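First listed ligand is number 1; within each ligand, the first listed atom is number 1. The structure displayed is predicted, hence computed values, not measured ones.
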Amino acid sequence: MTQKSTRGHVLCVVGARPNFMKIAPIMRAFSAAAVPVPSRLVHTGQHYDAAMKASFFTQLRIPEPDLDLGVGSGSHAVQTAEIMKRFEPELDANPPRAVLVVGDVNSTIACSLVAVKKGIPVIHVEAGLRSGDRAMPEEINRILTDQLSDLLFTTEQDAAANLQREGIDAGKIHFVGNVMIDSLLQNLSLAIPAEHTFERFGAPPAAEEPFGLVTLHRPSNVDDPAVLEALLGTLCDIGRDMPLVFPMHPRTRNNIERFGLDKQLADSGICVTGPLSYLEMLGVMQRSSLVLTDSGGLQEETTALGIPCLTLRHSTERPITVTEGTNTIVGTSAERILTAYRDFRQTGGKAGRIPSLWDGRAAERIAANISDWLVAGT
Ligand code: UD1
């Protein structure tokens, strides 16, 4: 009897920090599938600082990339174009059966576009999420990547309706759950205790004292001096009532320095740290009483952990975290944020339930599906 095989490999792409926790369980599930899926990994180099990249590869046990395109930072046009130019030769040198992309960053759309023009099928993990806000660079990346994809894996059921509204064939769409939650569940027991992280950065909240975790990095929140100053002012008001820990993204840190807002923050009592490693972040999040964020991943992780989350944006592409989870969209006005904060102080914040298929097995479903798809097409 001949053994079933997928013939050829799937080329996986990562570029920026939120991609790493999504690709890790997928590559592991590829190896563990009944008919294993051979894969190669390309890192575009969109994120390159050790704190934004290296520790994630180690902690998440991601294999060393077969290729690092080393693109670094730049305008959207420059970054996207550089990724495309440097990605194409890999497809020529080692033609894959399919290219697999995750999420919504510039690396996602750039590699999808190169692949589809060469007739190579594109697989998109985390398809169909829509904020409805086309001013978000990620929203453009989401819409276009989904249009280019042959297989679309979704994290929540509403995503399929978004895709079908945009003319995407229902047969290509598979609801599989959330690979980011796979990583969360696989790594919770390895989380670095928050106290260790606080010691590393000094000025920790006292042991057992409730504290809030803050992250901010969206261009709409941190690129405009007036918006950023107002948000920091609101966070300082909260920080006077409850300690806040703020692991800072390089974009945010650069802008705070550029706009001369360092003084405001230095006097606030908010504990500012550099970007945390994945296991440090899990430890701090797990111990926090409240999360204030503009990140997509944190909206999902807090829902999975049952921690109230105030999202400092006007919309979310992850509505299930609001309808079923612990997330509240509070926008960016001081009044709304402080009202929601006071409500949290009085009531303990919003409770929720775990969304369907956020069970730690999404990558397994994806691998089985891709394996079958490749075998059928062999
Ligand atoms: C990118 C993603 C965003 C994701 C975020 C997570 C896009 C359009 N955006 O935004 O969806 O939520 O990653 O972090 O792809 N920088 C460093 N070191 C690094 C990387 C970046 O210092 O390793 C600084 C540079 O000054 C750079 C800035 O951060 O100009 C922004 O980086 P960039 O990759 O353009 O976008 P992010 O804001 O990180």
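The cationic group of K53 lies under 6.0 Å from the six-membered ring centre of F57 and within 45° of the ring axis, placing it in a cation-pi geometry.
Around CZ of R40, the count of heavy atoms belonging to other residues, nucleotides or ligands within 6.0 Å exceeds 12. Applying the 6.0 Å contact sphere to NZ of K118 captures more than 12 heavy atoms from other residues, nucleotides or ligands.
The existence of a salt bridge linking E156 and R318 is excluded, since no basic side-chain nitrogen approaches an acidic carboxylate oxygen closer than 4.0 Å. Here R287 pairs with E195 in a salt bridge; the nearest charged N to carboxylate O distance falls below 4.0 Å. A salt bridge links D241 with R345; the closest basic N to acidic carboxylate O contact falls under 4.0 Å.
When only non-hydrogen protein atoms are considered, atom 18 (N) of ligand 1 lies nearest to D49 OD2, 3.0 Å. The protein non-hydrogen atom at the shortest distance from atom 8 (C) of ligand 1 is N106 OD1, 3.3 Å. Atom 2 (C) of ligand 1 has its closest protein heavy atom at V105 CG1, 3.7 Å. Summary of contacts: the protein heavy atom closest to atom 16 (N) of ligand 1 is Y48 OH, 3.7 Å.
Close contacts of ligand 1 with P18, meaning ligand atoms under 4.0 Å from a residue heavy atom, involve 4 (C), 6 (C). Within ligand 1, the atoms closer than 4.0 Å to a non-hydrogen atom of P250 are 16 (N), 17 (C), 18 (N), 22 (O), 24 (C), numbered from 1 in the order shown. Heavy-atom proximity to N254, at under 4.0 Å, picks out these atoms of ligand 1: 26 (O). Residue contact check: H76 has heavy atoms under 4.0 Å from atoms 8 (C) of ligand 1. Shown in contact with S73 at under 4.0 Å from a heavy atom are these atoms of ligand 1, numbered in order with element: 21 (C), 25 (C), 27 (C), 30 (O).
When M136, H47, R253, R218 are ranked by how near their heavy atoms come to atom 39 (O) of ligand 1, first place goes to H47. Counting only non-hydrogen atoms, the option in H217, Q46, E138 that gets closest to atom 5 (C) of ligand 1 is H217. Atom 28 (C) of ligand 1 has its nearest heavy-atom neighbour, among M52, R251, K53, R17, in R251.
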Exercise. Go through the steps for H196 and E280 under the test side chain to side chain contact (heavy atoms under 4.5 Å, CB included), then give the verdict.
Key: CA-CA 8 Å; H196 293 198; E280 284 176 327; over 6 Å; no
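Taking any N or O of N141, backbone or side chain, none lies under 3.5 Å from an N or O belonging to ligand 1.
Between the side chain of H124 and the main chain of G103, a donor-acceptor pair closer than 3.5 Å is present.
At least one heavy atom of Q79 lies less than 4.0 angstrom from ligand 1.
Placement of L235 and F344 within a single hydrophobic cluster is found when ILVMFWY residues are connected by side-chain heavy-atom separations under 4.5 Å, directly or transitively.
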